[in-house]
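We number each residue from 1, following the sequence as shown. When a ligand or atom number is given, it counts from 1 through the structure's own listing order.
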Amino acid sequence: MALRSAHSALALSQPQPAAACAPRARTVDPVTPPLAFTPALKREMAPLYERVKHVVTPMEWVHYAPLVKAINELKAKRNAVILAHNYMTPEIFHGVGDFRGDSLQLAKEAARVEAQVIVQAGVHFMAETSKLLSPDKTVLIPDPLAGCSLASSITPEDVRALRAAYPGVPIVTYVNTSAAVKAECDICCTSSNAVKIVESLGVPRVLLIPDQYLAKYVQTKTKVEIIAWKGACEVHERFTGEEMETMRAAEPGLKIIAHPECPPDVIQASDFTGSTAAMIDWVKTKRPAKVMLVTECSMASNVAAEAPDVEFIRPCNLCPHMKRISLEKIYEALLYNRYEVTVDPTVAAKARRAVEHMVEASA
Ligand code: 13P
Ligand code: SF4
C-alpha cells in the first residue's frame with residue numbers, strides 16, 4: 001500500500017512558540033551552595049562516579065558532582081522527581097534522573113508518579129504530556145525554549161484542515177506535538193507503539209502526523225494506508241544512507257541501529273530500527289562488539305556508561321532543544337520553582353483523551 005502525503009493540499013504551518021511558562025518566585029531556601037568539590041564530597045559521590053566514569057572525565061566531575069548532590073537534596077526537600085529522557089547528557093541521566101526512558105516510558109511514569117513536583121529533563125511537549133497525565137502535580141521544565149522541530153511543524157488549525165480534507169479518517173498524532181494539536185486528534189502514539197496504535201483502530205486508512213519519516217517507516221510494517229504530514233526531526237533527517245554505507249565500509253563488523261525518525265534509506269541500511277528504549281534494549285541484549293546508534297548523540301554515552309565492553313561509533317548529531325537542559329538549569333528550576341508548564345483546561349481534557357487512548361491501546 002503506497003504512503004500518501006496530506007501536505008500537498010495543505011500548506012506547511014509556521015513554527016509555534018513553546019506554550020507559555022511563567023517564571024515563579026523562589027519557594028524554598030537554597031541548600032548549601034553547590035560549589036565546592038571537597039575531599040568529603042568526592043568520597044560521598046564516588047559510587048555515583050563509578051557508574052559514569054567511562055563517559056564523564058574526572059575534570060568534568062569536579063564541576064558536576066556538587067550540583068548533582070545539591071539537586072538530589074533539593075528533590076527530597078521539594079518532594080520532586082526528575083523524568084529524564086534518553087537524550088539527556090550522562091551527568092543528568094545517571095546523576096539526577098529518577099525515571100529514565102523513551103517518551104512512552106516517561107509518559108507512563110508521569111501518570112503514576114507520587115511526588116508533588118515533576119521536573120521534565122526533556123523537551124516541552126514531554127512536559128505537557130506529563131501535565132496532561134498528572135494534572136494536579138506541578139510540572140517544571142528547566143528551559144521553556146526546549147522545543148522540537150516536529151512539534152513546531154503543525155498547528156491545531158492544520159489538523160482541523162486535515163480533518164475537513166479527509167472526513168472520517170482517524171488522526172493519529174505522534175507524541176512529539178503540542179497539547180493543542182493532540183486535542184484535535186483521536187489518539188496519540190510514540191515510536192515504540194506507532195504500528196500497534198495504527199492497527200488498533202481497525203480501519204483501512206489513517207492520518208499519521210506530523211513525522212513524514214515515522215509515517216514511511218510505519219507504512220513498511222502495516223497494510224493500513226498511511227497518510228502523512230510533512231514534519232521532520234531536524235536531528236534524524238540529517239543522517240543519510242550513504243553515510244551508513246561509508247561507516248560500514250570503514251568499520252568491519254559494525255552493527256547499525258536507527259531510530260524510526262530517520263529517512264528510509266538510513267532505516268534500510270540498518271540492522272535494527274526502534275524507539276530510543278528499544279535501541280538501548282537491543283544493545284544491552286545483543287552486546288555487539290561495535291555499534292553505531294543513529295540517533296541523538298548523548299544516548300550513546302548513556303548506554304556506554306552501562307556497557308563498557310561495547311565500542312560505540314558516534315555520528316554526533318545533537319538535538320539543540322534537548323541540549324538546553326543542564327544541571328544548572330535543573331537546580332534553578334527546583335530552587336525557584338520554574339518554569340511551570342500549564343495547559344488550558346479545555347485543551348487538556350481533549351488532549352488527555354488522545355494520550356489515555358494510547359496508554360490503553362498499548363497496554
Ligand atoms: P523516543 O520516544 O523514541 O524516545 O523518541 C523521542 C524523540 O524525541 C526522538 O527524537
Ligand atoms: Fe524533536 Fe528531534 Fe529533538 Fe527529538 S531529537 S526532541 S524529535 S528535534
Side-chain angles (χ1 to χ4, degrees), residues 15-16 18 83-89 92-93 97 99-110 120-130 133 141-154 172-178 181-182 188-197 208-218 229-239 257-263 266-267 270 272-283 293-303 315-325 355 358-359 362:
Q16 290 172 274
L83 303 188
H85 186 261
N86 290 326
Y87 292 164
M88 289 295 105
T89 43
I92 296 175
F93 189 80
F99 300 101
R100 306 173 254 267
D102 67 3
S103 305
L104 182 62
Q105 290 167 326
L106 296 184
K108 285 180 173 168
E109 289 304 338
Q120 196 82 34
V123 292
H124 193 271
F125 76 80
M126 295 177 178
E128 274 193 336
T129 307
S130 294
L133 295 171
I141 183 134
D143 187 324
L145 296 178
C148 169
S149 66
L150 280 169
S152 62
S153 75
I154 191 159
V172 181
T173 176
Y174 192 29
V175 71
N176 297 41
T177 47
S178 67
V181 162
K182 288 186 180 78
C188 202
C189 75
T190 72
S191 51
S192 316
N193 61 20
V195 177
K196 193 172 179 179
I197 296 294
L208 176 53
I209 61 157
D211 186 359
Q212 58 182 300
Y213 296 123
L214 179 74
K216 284 185 174 135
Y217 171 70
V218 172
W229 184 249
K230 204 185 175 181
C233 163
E234 65 188 271
V235 177
H236 292 92
E237 74 170 343
R238 295 212 304 268
F239 295 111
I257 62 175
H259 194 275
E261 289 171 15
C262 291
V266 173
I267 290 177
S270 64
F272 174 76
T273 302
S275 73
T276 56
M279 292 168 87
I280 294 172
D281 282 351
W282 194 92
V283 174
L293 306 187
V294 189
T295 191
E296 213 269 355
C297 186
S298 295
M299 201 170 95
S301 307
N302 291 330
V303 197
C316 208
N317 282 2
L318 290 168
C319 171
H321 311 288
M322 292 279 183
K323 297 295 93 103
R324 283 182 173 276
I325 309 301
V355 179
M358 168 187 80
V359 174
S362 67

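For T295, the side chain to side chain donor-acceptor pair (under 3.5 Å) partners two or more places apart in sequence, or in a different chain, are Y87, H236.
A side-chain donor-acceptor contact under 3.5 Å links S149 to the backbone of A232. Judged by distance alone, with hydrogens and angles left aside, the side-chain atoms of W229 form a donor-acceptor pair with the main-chain N or O of S153 at under 3.5 Å. Side-chain atoms of N86 do not come within 3.5 Å of backbone N or O of M299 as any donor-acceptor pair. A distance-only check finds no donor-acceptor pair linking the side chain of N176 to the backbone of F125 [under 3.5 Å].
Residue contacts with ligand 2 include E261, since one or more of its heavy atoms lies under 4.0 Å from the ligand. Within the 4.0 Å heavy-atom shell around ligand 1 one does not find T190. Within the 4.0 Å heavy-atom cutoff, H259 counts among the residues contacting ligand 1. Ligand 1 lies out of reach of E296, whose nearest heavy atom is not under 4.0 Å from it.
Between C148 and C233, the SG-SG separation does not fall below 2.5 Å.
Ranking the protein heavy atoms by distance from atom 10 (O) of ligand 1 puts E261 OE1, 2.9 Å first. Looking from atom 8 (O) of ligand 1 to the surrounding protein, the closest heavy atom is N176 ND2, 3.3 Å. S103 OG, 2.9 Å is the protein heavy atom nearest to atom 2 (O) of ligand 1.
In this model, no donor atom of one side chain and acceptor atom of the other lie less than 3.5 Å apart for H259 and E296. Side-chain N/O atoms of S192 and D102 include a donor and acceptor closer than 3.5 Å.
Only protein atoms were considered; those of element N, O or S under 2.8 Å from atom 1 (Fe) of ligand 2 number 1.
Of the polar atoms of D102, none of the N or O atoms is found under 3.5 Å from an N or O of ligand 1, judged by distance alone.
The residue from S149, S191, S275 that puts a heavy atom closest to atom 1 (P) of ligand 1 is S191.
Of all atoms in ligand 1, listed by their number and element, those nearer than 4.0 Å to a heavy atom of H85 are 1 (P), 4 (O), 6 (C).
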